[in-house]
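Here the structure is laid out as structure tokens; the discussion comes afterwards.
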Amino acid sequence: MSQRELEGQVALVTGGSRGIGRAIAEALAEAGAHVAVVARNAAGAEAAAAELPGDGHRGYGCDVASSEAVAETVGAVEADLGPVGILVNNAGITRDNLLLRMKEEDWDAVLDVNLKGAFHTVKAVTKGMMKRRDGVIINVASVVGLMGNAGQANYAASKAGLVGFTKSVARELASRGVRCNAVAPGYIRTDMTADLGDAQAEALQESIPLRRLGDPDDISGVVRFLAGPGARYITGQVLAVDGGMVM
Ligand code: NAI
């Protein structure tokens, strides 16, 4: 991997204010990209952008579940930083419960952010990518979308949906020079998984062939690779980054 293989490109990372998204924003900035950090909270997004290495980064508050907010934000990013060449759909939420206790609003909230959010952002950036015949889209799915998980029917469905979305976008846009791939993280230490108790974490570790939970940096390096020239012949793939849970 060359030192700054994404020099001068504009990358938009949703959910880039913390956790996996923040690590992805850092990795893309280290590769030379100007990063638009998008998160629900504008102050959090701006603070995260200000801490990225290099300059030319900006933070934006936006709810990805809203098509209007996404269109407006992408317009602002393109006016401030230039055309978006790399889109990382990382924003995601959980509303876990057993199926019989899961409320319709919990189903809708998770699908609206995790799946429909990606639809909105992809729609907002692809016209420009197709015109320039150049662009990369990376969706952050989950191993749970490949394996299922008791208590996460809404979340697993949203992530499985992202896999189908990824492959369809890849097929539809390949001839226009746009690549679309997904990463499927296993269990990664972030705020999202912070309430795993020690006993639970230990039991989980037993089920992971590499015998440890992942860190955000385990994901960000793979996203950097998929965004760059080393992955120029890869599209429509789902790469599990999970210590070997799914093989
Ligand atoms: P996190 O909870 O630490 O961070 C989530 C980020 O998404 C935050 O920046 C938040 O502002 C943003 N976000 C949430 N709802 C949003 C909305 N409506 N509009 C805009 N931004 C919104 O989560 P974490 O763990 O960093 O997860 C990142 C992604 O990785 C998610 O898509 C998650 O489903 C996925 N993932 C995480 C795993 C883990 O073990 N932590 C495992 C597999 C996938």
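Whatever order the structure lists ligands and atoms in, that order sets their numbers, starting from 1.
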How far is [atom] from its nearest protein heavy atom, and which residue and atom name does that atom have?
atom	value
atom 9 (O) of ligand 1	S17 OG, 2.9 Å
atom 44 (C) of ligand 1	A141 O, 3.2 Å
atom 26 (O) of ligand 1	I20 N, 2.8 Å
atom 20 (C) of ligand 1	C62 O, 3.1 Å
atom 12 (C) of ligand 1	G15 CA, 3.4 Å
atom 25 (O) of ligand 1	T190 OG1, 2.5 Å
atom 34 (O) of ligand 1	Y155 OH, 2.5 Å
atom 22 (C) of ligand 1	A91 CB, 3.6 Å

- Task: Kindly identify the option in R18, R40, R22 whose heavy atom sits closest to atom 21 (N) of ligand 1.
- Result: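 It is R40 whose heavy atom sits nearest to atom 21 (N) of ligand 1.
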- May I ask which of V140, V143, L213 has a heavy atom nearer to atom 30 (O) of ligand 1 than the others do? V140
- Message: Taking distance alone, with N or O pairs closer than 3.5 Å, would you say N90 contacts ligand 1?
- Response: yes
- Report yes if I188 has an N/O atom closer than 3.5 Å to an N/O atom of ligand 1; otherwise report no.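 Indeed, backbone or side chain, I188 has an N or O that close.
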Count the heavy atoms belonging to other residues, nucleotides or ligands that lie under 6.0 Å from [atom1] of [X], then report whether that count exceeds 12.
X	atom1	result
E7	CD	yes
R211	CZ	yes
R171	CZ	no
E72	CD	no

Ligand 1 versus [X], non-hydrogen atoms closer than 4.0 Å: side chain, backbone, both, neither?
X	result
I93	side chain
A184	neither
V64	both

Give the numbers and elements of all ligand 1 atoms closer than 4.0 Å to a heavy atom of [X].
X	answer
G19	26 (O)
D63	17 (C), 18 (N), 19 (N)
T193	39 (C), 40 (O), 41 (N)
Y187	40 (O)
G186	38 (C), 40 (O), 42 (C), 43 (C)
G92	5 (C), 7 (O), 14 (C), 31 (C), 32 (O)

- At what distance, to the nearest 0.5 angstrom, does CE of M245 lie from CD1 of I208?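 The CD1 atom of I208 is 5.5 Å from CE of M245, to the nearest 0.5 Å.
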- Message: Once rounded to the nearest 0.5 Å, what's the spacing between atom CG of L99 and atom CH2 of W107?
- Response: 8.0 Å
- Query: Heavy-atom contact under 4.0 Å between T14 and ligand 1?
  - Reply: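 Per 4.0 Å heavy-atom rule, T14 does not contact ligand 1.
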- Item | Any G214 heavy atom less than 4.0 Å to ligand 1 |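 The answer is no, since G214 has no heavy atom less than 4.0 Å from ligand 1.
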- Message: Can you list everything that forms a side-chain contact (heavy atoms from CB on, under 4.5 Å) with H57? Sequence neighbours excluded, please.
- Response: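 Expected list: A29, V35, A49, L52.
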- Linked, directly or transitively: V246 and L213 (ILVMFWY side chains, under 4.5 Å):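 Yes; tracing contacts between hydrophobic side chains, which count when under 4.5 Å, links both residues.
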- Message: Hydrophobic clusters here meaning ILVMFWY residues chained together by side-chain heavy-atom distances under 4.5 Å, can you tell me if V140 and V122 are in one?
- Response: no
- Which pair of non-hydrogen atoms, one from G228 and one from L6, has the smallest distance, and what is that distance?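 The answer is CA-CD2, 3.8 Å.
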- Item | A156 to N149 - nearest heavy-atom pair and separation | CB-N, 4.5 Å
- Message: Any non-hydrogen side-chain atom of L162 less than 4.5 Å from a side-chain atom of N114?
- Response: no
- Less than 4.0 Å between a side-chain N and a carboxylate O, is that true for R95 and E105? no
- Message: Can a donor-acceptor pair be found, under 3.5 Å and without considering hydrogens, that links the side chain of T166 to the backbone of G236?
- Response: no
